[in-house]
Number of protein chains: 2
Amino acid sequence: MRKKYTIKDIAELAGVSKGTVDRVIHKRGKVSEKAFVDVTRILEEIDYKPNLIARNLKNNKVYSICVLIPDYHLDDYWLSCKEGIQSVKQEFSAFDIEINTLLYHSKDVNSFLQKSNEVLNLKPDAVLMVPSFQKESETIINLLASQDIVVSIFNNNIPNNKIFNFVGQDLIKSGRIAAKLFDLILGNGKVAILYIGANFKNATYFHEKDQGFKEYIQQTETALSSVTKTFSSENLEIELIDFLNQHPDIKGIFVTNSKTYMVAELIKKHKLKDLKLIGYDLLEENITYLKNNTIQFLIHQNAKHQIHLGLTNLIEHFMFGKKTPKRNLLPINIINSENLSSYTQKETIYE
Amino acid sequence: MRKKYTIKDIAELAGVSKGTVDRVIHKRGKVSEKAFVDVTRILEEIDYKPNLIARNLKNNKVYSICVLIPDYHLDDYWLSCKEGIQSVKQEFSAFDIEINTLLYHSKDVNSFLQKSNEVLNLKPDAVLMVPSFQKESETIINLLASQDIVVSIFNNNIPNNKIFNFVGQDLIKSGRIAAKLFDLILGNGKVAILYIGANFKNATYFHEKDQGFKEYIQQTETALSSVTKTFSSENLEIELIDFLNQHPDIKGIFVTNSKTYMVAELIKKHKLKDLKLIGYDLLEENITYLKNNTIQFLIHQNAKHQIHLGLTNLIEHFMFGKKTPKRNLLPINIINSENLSSYTQKETIYE
DNA sequence: CTAAAAAATGTGTTCGAGCACTTTTAAAAA
DNA sequence: TTTTTAAAAGTGCTCGAACACATTTTTTAG
């Protein structure tokens with residue numbers, strides 16, 4: 001049985017007091033060179049790991065974390081974040097953690113700035129945010145960092161070396177995966193890559209997925225081809241039907257965000273039977289169309305998992321001094337009607 | 001800021017001493033009815049959660065866990081378990097956890113029984129095992145339970161109410177998923193459901209996956225059909241080629257275990273170009289054939305994740321008294337050449 | 001009504017790390 | 001050599017829960 005060494009053990013081994021060991025460990029100085037060398041040698045020899053439980057017992061501070069994300073009342077995609085936060089709260093309910101959630105309007109820069117300011121006023125120990133607006137996010141992140149507030153981001157990445165941790169998916173790969181799936185189920189033919197929503201220039205994810213899709217076509221021997229198009233959600237029906245009429249060779253549609261159900265609805269309505277559809281995220285509406293085979297595959301971005309990991313990374317950093325990677329790239333889950341339930345079922349079959 | 005109540009706080013609120021509060025919390029008796037009611041009311045009112053850190057500091061016992069699994073030197077499928085154990089050890093290196101791994105020969109009952117006895121002699125606090133042999137496993141589980149050793153299992157389930165926790169996948173669903181994938185990429189035609197190895201009667205997973213596949217065919221309007229066949233690994237080449245010659249209408253092969261690469265090898269060798277292949281697990285050899293498109297999909301059983309979750313469930317139960325579900329059914333991951341890397345990459349890009 | 005027994009309640013120590021504080025030792029100045 | 005000062009080392013308290021043990025209160029028996 002491997003013995004667990006304590007500071008006291010080390011002190012005895014080195015023939016000094018635990019105070020000296022403590023000073024060596026924390027490099028507080030006021031230690032003779034001999035003592036420093038002796039203690040350091042022993043620390044290395046036994047591979048000393050401090051008892052994090054005892055350490056944390058002493059530092060019994062309430063850690064506060066702010067979560068800054070798009071309002072999930074306005075876009076169902078963010079709804080799963082609510083669950084994610086809830087499950088983290090539950091998981092760490094026995095610890096002194098305080099999580100405040102602030103919601104901004106994902107299309108409104110001013111709302112984002114306003115909520116960011118609220119975060120600043122709350123002076124939390126850490127912030128986990130979705131940096132929807134690149135430029136403004138950078139400003140906020142720098143401001144937070146200057147106040148020694150740890151900042152993590154998730155969902156989409158922005159380059160900034162002050163960011164503690166990023167959780168998300170590789171979106172170029174994500175696009176490639178969609179292409180591969182079309183390749184497998186179509187074999188050949190044209191696929192329309194769609195963006196649905198307002199202001200596609202802000203939606204960096206769209207460009208990356210589009211790029212990934214095309215990359216696959218170029219780099220493999222596939223007989224697939226693609227055409228990229230953006231639509232507003234308001235006029236989708238007229239514009240899309242018109243577009244499809246102009247491109248009768250389109251055999252598949254790749255919707256680059258969670259609005260996939262809007263296209264599925266039209267496929268059903270206009271009886272476009274031979275159109276294969278692949279999109280994103282397990283929204284209720286998407287799931288319905290997945291189950292009735294209007295959608296062939298959904299790619300699961302798992303916002304719940306993302307926010308969960310982002311939060312646990314922060315908490316375990318504060319509570320246990322655990323090392324955290326700069327980036328967590330999550331697996332890209334392929335979902336069809338059959339493995340869907342294995343992702344959505346609750347894990348809580350206690351007895 | 002939500003205040004964290006301690007036993008001392010509760011004692012003051014109830015007008016008793018912390019000893020009395022302690023007796024109420026742990027139902028140690030020797031408390032007057034009045035005190036019991038008062039303290040219980042306050043505990044409920046403030047939703048008292050004990051500080052697990054402090055609790056664990058006191059109970060500074062080294063918890064020992066035995067892992068009893070098939071020898072990963074003999075079957076690559078179990079290799080990822082080694083990594084899983086390693087990562088748990090790393091994750092909890094600052095805590096007093098001792099994990100002993102015992103490997104048995106997965107085809108040899110006597111080896112299983114022998115190693116089980118070794119586990120009994122080690123008198124651990126808990127055991128996490130793969131119950132390869134149903135009857136013998138039951139005996140061992142009962143024996144362990146009678147000595148107050150907590151037993152969890154993973155990979156395959158066996159019915160026994162003494163089991164603390166099971167981690168695995170729903171194998172019937174797993175078979176359905178394979179059927180769905182063939183449905184999407186083939187549209188119609190016959191699929192051969194294969195078992196490769198010795199003694200398929202012991203391999204309950206095979207029957208469940210087979211059942212799931214057939215269930216899908218029956219319950220949906222698919223034009224797929226299936227034929228089930230078992231092979232020994234030794235004579236696979238002769239027998240399989242012979243079998244395929246007898247069934248020229250077979251357009252897909254579903255290998256129900258990680259031996260998928262053996263079929264892929266034959267497909268390559270005999271240039272059976274139009275045969276679609278779906279199998280299990282991310283072994284090196286399978287990955288090679290997935291990347292060169294001989295295998296269309298792999299279903300990821302994620303033994304590493306399974307053993308990881310099984311172990312953390314046990315540890316967090318012991319260390320933090322965390323509630324654990326009776327069953328953890330893990331998501332069934334669909335892997336193709338494109339999303340593969342998102343599952344296999346290491347999460348350790350520290351900076 | 002008192003003594004003994006039983007029940008109820010209170011007190012104080014432990015766990016390991018961290019840090020403030022005190023004491024000891026060594027070096028420098030008088 | 002003695003005094004002063006700084007450096008080095010040691011001591012002891014804290015965190016919250018758990019539990020052994022001590023003390024007080026209540027009940028029961030004589």
Side-chain angles (χ1 to χ4, degrees), chain A residues 2-40 42-43 46-63 92-97 318-322, chain B residues 2-40 42-43 46-63 92-97 318-322:
Chain A
R2 207 186 89 255
K3 185 162 166 25
K4 261 280 170 186
Y5 290 91
T6 70
I7 289 217
K8 215 174 130 194
D9 296 325
I10 293 159
E12 272 171 33
L13 284 168
V16 295
S17 74
K18 68 195 187 83
T20 304
V21 176
D22 178 69
R23 279 182 286 267
V24 172
I25 290 173
H26 295 282
K27 301 196 172 60
R28 288 194 228 283
K30 306 195 176 176
V31 178
S32 69
E33 196 171 323
K34 179 183 173 344
F36 185 87
V37 171
D38 286 357
V39 172
T40 305
I42 289 169
L43 284 175
I46 64 171
D47 186 28
Y48 171 72
K49 298 263 169 60
N51 183 326
L52 299 178
I53 288 174
R55 168 181 292 176
N56 201 269
L57 176 61
K58 190 65 211 301
N59 300 340
N60 64 335
K61 168 174 172 5
V62 176
Y63 285 109
F92 290 94
S93 61
F95 300 88
D96 281 356
I97 308 281
F318 282 125
M319 300 288 289
F320 308 125
K322 209 167 168 183
Chain B
R2 206 185 89 255
K3 182 157 167 29
K4 261 280 172 186
Y5 290 92
T6 70
I7 289 216
K8 213 173 131 195
D9 295 327
I10 293 158
E12 271 171 35
L13 284 167
V16 295
S17 75
K18 68 198 183 80
T20 303
V21 174
D22 177 70
R23 278 181 286 267
V24 171
I25 289 172
H26 295 283
K27 301 197 172 58
R28 287 193 229 281
K30 305 192 178 182
V31 178
S32 70
E33 195 165 326
K34 179 183 174 337
F36 184 88
V37 171
D38 285 358
V39 172
T40 305
I42 289 168
L43 284 174
I46 64 172
D47 187 27
Y48 171 72
K49 297 263 170 59
N51 182 325
L52 300 180
I53 287 175
R55 167 179 293 177
N56 202 269
L57 175 61
K58 190 63 214 305
N59 299 342
N60 65 334
K61 167 175 173 2
V62 176
Y63 284 108
F92 291 94
S93 61
F95 300 87
D96 281 356
I97 308 281
F318 281 125
M319 302 287 290
F320 308 126
K322 210 166 168 183

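To find a chain, count down the sequence lines: A is the first, B the second, and so on, and within it residues start at 1. Note that the coordinates shown come from a computational prediction; the quantities given were computed from them, not determined experimentally.
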**Q** Figure out the NZ/P separation between B:K18 and C:dT14, and round it to whole Å.
**A** 13 Å
**Q** Testing the basics here: between B:S17 and B:A11, what is the closest heavy-atom pair and its distance to 0.1 Å?
**A** C-CB, 3.7 Å
**Q** Could you tell me whether B:Y48 contacts a base, only the sugar-phosphate backbone, or nothing, with contacts defined as non-hydrogen atoms closer than 4.0 Å?
**A** sugar-phosphate
**Q** Could you give the CZ-to-C1' distance, from B:F36 to C:dA7, as a whole number of Å?
**A** 16 Å
**Q** Reading DNA chain C from 5' onward, which residue's closest nucleotide shows up sooner: B:G19 or A:K8?
**A** B:G19
**Q** Contact class for B:L57 (heavy atom, under 4.0 Å): base, sugar-phosphate, or nothing?
**A** base
**Q** So which heavy atom on A:D9 is nearest to which on A:Y5, and how close?
**A** OD2-CA, 3.5 Å
**Q** Working to the nearest 0.5 angstrom, can you tell me the gap between A:T20 OG1 and A:I25 CD1?
**A** 11.0 Å
**Q** At 4.0 Å (heavy atoms only), tell me whether B:D22 reaches a base, stays on the sugar-phosphate, or touches nothing.
**A** base
**Q** Rounded to the nearest Å, what distance is computed from the CZ atom of residue A:R55 to the C1' atom of nucleotide C:dC15?
**A** 16 Å
**Q** Go through the structure and list residues passing salt bridge (Lys or Arg N to Asp or Glu O under 4.0 Å) with B:D38, not counting sequence neighbours.
**A** B:K34, B:R41
**Q** For the pair made of NZ in A:K58 and P in C:dC15, what is the distance, rounded to whole Å?
**A** 17 Å
**Q** Side chain of B:K30 only, please: which of C:dG18, C:dA8, C:dC15 is the nearest?
**A** C:dA8
**Q** How many Å lie between CZ on B:R28 and C1' on C:dA7, as a whole number?
**A** 17 Å
**Q** Just so I know, are the side chains of A:K8 and A:I10 near enough to count as touching, which here means a heavy-atom distance under 4.5 Å?
**A** no
**Q** Specify the separation, in whole Å, of atom CD1 of A:I7 and atom P of C:dC19.
**A** 11 Å
**Q** Hey, is the main chain of A:F36 close enough, under 3.5 Å, to the side chain of A:T40 for a donor-acceptor pair?
**A** yes
**Q** Go through the N and O atoms of the side chain of A:R23 and the base of C:dG18, and report whether any donor-acceptor pair is under 3.5 Å.
**A** no
**Q** Quick check for you: name the first and last nucleotides of DNA chain D, 5' to 3', having an atom under 4.0 Å from a heavy atom of chain B.
**A** D:dG16 to D:dC19
**Q** Within the pair A:T6 and C:dG16, is there a side-chain N or O less than 4.0 Å away from OP1 or OP2?
**A** no
**Q** Indicate the atoms forming the closest heavy-atom contact of A:L57 with B:I53, along with that distance.
**A** N-CG2, 3.7 Å
